[in-house]
Protein chains: 2
Amino acid sequence: MTTERKKATIRDVARMAGVSYGTVSRYLNGNEHVSSSAAERIAKAIEEAQYTPNKAARSLAQQRTSMVAFIVQVESISTLMQASVSEAMANANQTLGEAGYQMVTLIANSEESTQRIAQLVQSDFADGYLMFSLSEDDSLLNIFRSANRPVVLSESNSHNTTPYPAVDFANTAGQRDITNYLIERGCAKLAYVCGPGYSPSSIKRLNGFKQAMGDRFDDGLVYYADDWEINSGELAAVAFQPRLDEVDAIACANDDIAIGVINQLHRFGYRVPDDIAVTGFDDSPIALMSDPKLTTVRQDSSLHGREMSQLLLSMLRGEAVDDHTVTMLPTTIVERQSA
Amino acid sequence: MTTERKKATIRDVARMAGVSYGTVSRYLNGNEHVSSSAAERIAKAIEEAQYTPNKAARSLAQQRTSMVAFIVQVESISTLMQASVSEAMANANQTLGEAGYQMVTLIANSEESTQRIAQLVQSDFADGYLMFSLSEDDSLLNIFRSANRPVVLSESNSHNTTPYPAVDFANTAGQRDITNYLIERGCAKLAYVCGPGYSPSSIKRLNGFKQAMGDRFDDGLVYYADDWEINSGELAAVAFQPRLDEVDAIACANDDIAIGVINQLHRFGYRVPDDIAVTGFDDSPIALMSDPKLTTVRQDSSLHGREMSQLLLSMLRGEAVDDHTVTMLPTTIVERQSA
DNA sequence: CTGTTAGCGCATTCAA
DNA sequence: TTGAATGCGCTAACAG
């Protein structure tokens, strides 16, 4: 069946087309100085030989790989499958692809895998990097410095001074806005379920809540979760139980937690939103699945992926971008039933 | 600050260590014929020069990349974020990493991206491929043939004769078992919501349902969905409405569809499972989020990723594996509340 | 417009 | 044990 011959090289094609392989190379790279007759013969030869340029050789010669690595740094696998991640990923893939770059995604979810990726980065694996980090682990950032390739971060850190340009959502404003929304609806006593401490977003959202609450902020009505998951919401509601009769609303740092809170409130016999209103954050797909449907803060993850890619592309083009630039993407309140 | 000098090469290290660069290469590749004194000096030089071998050059010279590509072929982005995908991905990453391979994931979700990946594959981008396809699009499979590198598929196709070794779940048996489970609980009249036609799993599950039903199978009580999503479940329930009073149970091809069915049944005023029992498939995280919680078929996606990787690794080691081998992974019924 | 040549950074064979 | 030489497949600069 399939003849098991070795792969054709540029020289084979040259021989078949009766030209030097320099000419073939020019043809391949869209150089204009190739006669149409030669071009034709080369095209035919490539077709016949089923020739495809070798990637390693090309990378070595031109000192670039035409690849961009999308690095997902997560504490646990469950984070990996968030809609926000895959949407950004898909959109970045699209945007980078159109610009001629192949996006490859790398998963850093352990000491070991992080180490391996660090090696890759230092060996000039890709031309640029999109760092989609959901943890505060900075170890990879140091690697980038010596690699000397453009990097764009998916999150500004809490102190707002990033080592690389970042594209982030207006987390603080988003949480502030939806908190004000609750206050305006007449909720006087508000509790808050905060996300895990390692997350910059988590901290920013808490700040937004604090801003809206001002003097009325009561740390006794804040539950600090260990992760972003449903179960944490349930735990939070349990923790609040003694004071549940006095609270009018519970704002949550993300949708999953909000779902957990609602579930537990139902078990306690409270009605949502009549007895207690609940808000989420992210507008993930499950916001529509809960009963009542979640009133939450929407952020456009596709836009996130696209903006990150575009920024990286401009850096790859050589345009100067200040390392501390932070692009803020807007968030909007989505009013549904839970508040 | 950081001196902007060019990256050190193997020659720089050699010079600093006072040896030829051939010796450095031997040292790097664990060749034993290196004197300990030379080894020491080389180690120091590498440290000082912050040297890391260039990946492209190494790949070119040894004709291997030490990378495995995990290709996710999806019709829509929503598929990408399924728990089954990310769990398999994370586990494959782990397994391959331990064996010294870097896993990179590629997303094929458009004509364009598929084309780009085809190019990559032909240019010997990776040493092996894990094909996680959720569509029946075979275009990439032809590419692999000429690339002549090991490939493992995540799904056997419906006619059970794959062009490459595959690791798949026992979909047919799983759906048959849970259907029998319903029958044994006294459900006489069963409806079925089938997944999208392009999916091999979808077809296999339908077959399982048919097997369990035998003569009682009634095509009028089968709804053929266009995708795997919640909304399709709602549409299915609507389609069944005229005959809903006579059905005892609705088996669904996946959990999301089952959730949609339950939601719609609730709107129609039916109680689940008292009036109508509902089953899902996958045991995805949302199976726990519905009310009532889903009785469903569990498949271990981590195992899936691991088995696929191990099979690929054995092929990379040169062990012979028949192209048509299909490893079947077991499924189990998880009994909760919906049936 | 095209052929020739010199690397890109490293692995590996052959001598020494 | 080590140095020198050759080649991996391709790009790019230089002649012509």
Side-chain angles (χ1 to χ4, degrees), chain A residues 5-43 45-46 49-67 100 119-120 122-125 127 147-148, chain B residues 5-43 45-46 49-67 100 119-120 122-125 127 147-148:
Chain A
R5 60 164 172 263
K6 325 187 66 118
K7 292 204 51 156
T9 75
I10 200 173
R11 295 169 207 266
D12 297 324
V13 173
R15 198 171 351 91
M16 293 170 64
V19 296
S20 80
Y21 65 87
T23 305
V24 177
S25 174
R26 275 187 288 270
Y27 171 83
L28 288 172
N29 294 288
N31 189 307
E32 19 201 271
H33 300 290
V34 178
S35 70
S36 54
S37 86
E40 263 180 49
R41 299 203 310 281
I42 293 175
I46 287 179
Q50 300 221 49
Y51 169 77
T52 320
N54 176 288
K55 196 153 189 354
R58 180 178 284 216
S59 299
L60 182 58
Q62 27 177 53
Q63 301 288 64
R64 43 169 280 167
T65 63
S66 293
M67 298 203 296
Q119 284 288 329
L120 268 196
Q122 301 205 59
S123 62
D124 284 341
F125 166 72
D127 296 342
N148 200 30
Chain B
R5 58 165 172 261
K6 326 185 65 117
K7 291 204 52 155
T9 76
I10 199 172
R11 294 170 208 266
D12 297 323
V13 174
R15 197 170 354 90
M16 293 171 64
V19 296
S20 80
Y21 66 85
T23 304
V24 177
S25 175
R26 276 187 287 269
Y27 170 84
L28 289 172
N29 294 287
N31 189 306
E32 20 202 271
H33 299 289
V34 177
S35 69
S36 54
S37 86
E40 263 181 47
R41 298 204 309 280
I42 293 174
I46 287 180
Q50 300 222 50
Y51 168 77
T52 320
N54 175 289
K55 194 153 192 351
R58 180 178 282 217
S59 298
L60 182 58
Q62 36 177 41
Q63 301 288 63
R64 42 168 284 167
T65 64
S66 293
M67 299 204 295
Q119 285 288 331
L120 267 195
Q122 301 204 59
S123 61
D124 285 343
F125 167 72
D127 295 343
N148 199 30

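The model shown is predicted, which means the values in this text are computed figures rather than measured ones. Just so it is clear: chains get the letters A, B, ... in the order the sequence lines come, proteins before strands, and each one is counted from 1.
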Those residues that, when tested against [X], pass side-chain contact (heavy atoms from CB on, under 4.5 Å) (two or more places apart):
X	value
Ala61(B)	none
Ser37(B)	Ser35(B), Arg41(B)
Ala43(A)	Tyr27(A)
Gln62(A)	Arg58(A), Arg64(A)

Sugar-phosphate only, base, or nothing, as touched by Ala56(B) at under 4.0 Å among non-hydrogen atoms: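 Contact class for Ala56(B): none.
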Which donor-acceptor pairs under 3.5 Å do side chains of residues 14-22 of chain B form with protein atoms, sequence neighbours excluded?
| from | atom 1 | to | atom 2 | distance (Å) |
| --- | --- | --- | --- | --- |
| Arg15(B) | NH2 | Asp12(B) | OD1 | 2.7 |
| Ser20(B) | OG | Gly22(B) | N | 3.4 |
| Ser20(B) | OG | Thr23(B) | OG1 | 3.4 |

If I take atom [atom1] from residue [X] and atom [atom2] from residue [Y], how far apart are they, to the nearest 0.5 angstrom?
X	Y	atom1	atom2	answer
Phe125(B)	Thr52(A)	CZ	OG1	14.5 Å
Lys55(A)	Gln119(B)	NZ	CD	11.0 Å
Ile46(A)	Leu28(A)	CD1	CG	5.0 Å

Test side-chain hydrogen bond (donor to acceptor under 3.5 Å, both in side chains) applied to Thr65(B) - qualifying residues, sequence neighbours left out: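 Applying side-chain hydrogen bond (donor to acceptor under 3.5 Å, both in side chains) to Thr65(B) gives Asp127(B).
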For Val24(A) against Ile10(A), the heavy-atom pair lying closest together: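 Scanning both residues, the minimum pair turns out to be CG1-CG1, 3.5 Å.
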Ala56(A) versus Ser59(B), closest heavy-atom pair with distance: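 Scanning both residues, the minimum pair turns out to be CB-CB, 3.8 Å.
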The helix from dC1(C)-dG16(D) to dA16(C)-dT1(D): angle between end helix axes, five pairs per end, rounded to 10 degrees: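 Axis-to-axis angle, ends of the helix: 40°.
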Minimum side-chain heavy-atom gap Asn54(A)-Thr9(A) below 4.5 Å: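 They are not in side-chain contact.
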Nucleotides bounding contact with chain B, strand DNA chain C, heavy-atom threshold 4.0 Å: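 Listing 5' to 3', DNA chain C meets chain B from dG9(C) to dT13(C).
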Those residues that, when tested against Asp124(A), pass salt bridge (charged side-chain N to carboxylate O under 4.0 Å, His left out) (two or more places apart):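 Once residues adjacent in sequence are excluded, the partners of Asp124(A) under the salt bridge (charged side-chain N to carboxylate O under 4.0 Å, His left out) criterion are Arg149(A).
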Opening and closing nucleotides of DNA chain D in contact with chain A, under 4.0 Å to non-hydrogen atoms: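 That gives a stretch of dG9(D) to dA13(D).
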Strand-adjacent residues in residues 15-28 of chain B, judged by heavy atoms under 4.0 Å from DNA chain D: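 Listed by number, they are Val19(B), Ser20(B), Tyr21(B), Thr23(B), Arg26(B).
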Closest-nucleotide ordering on DNA chain C, the 5'-leading residue of Arg11(A) and Ala39(A):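 That would be Ala39(A).
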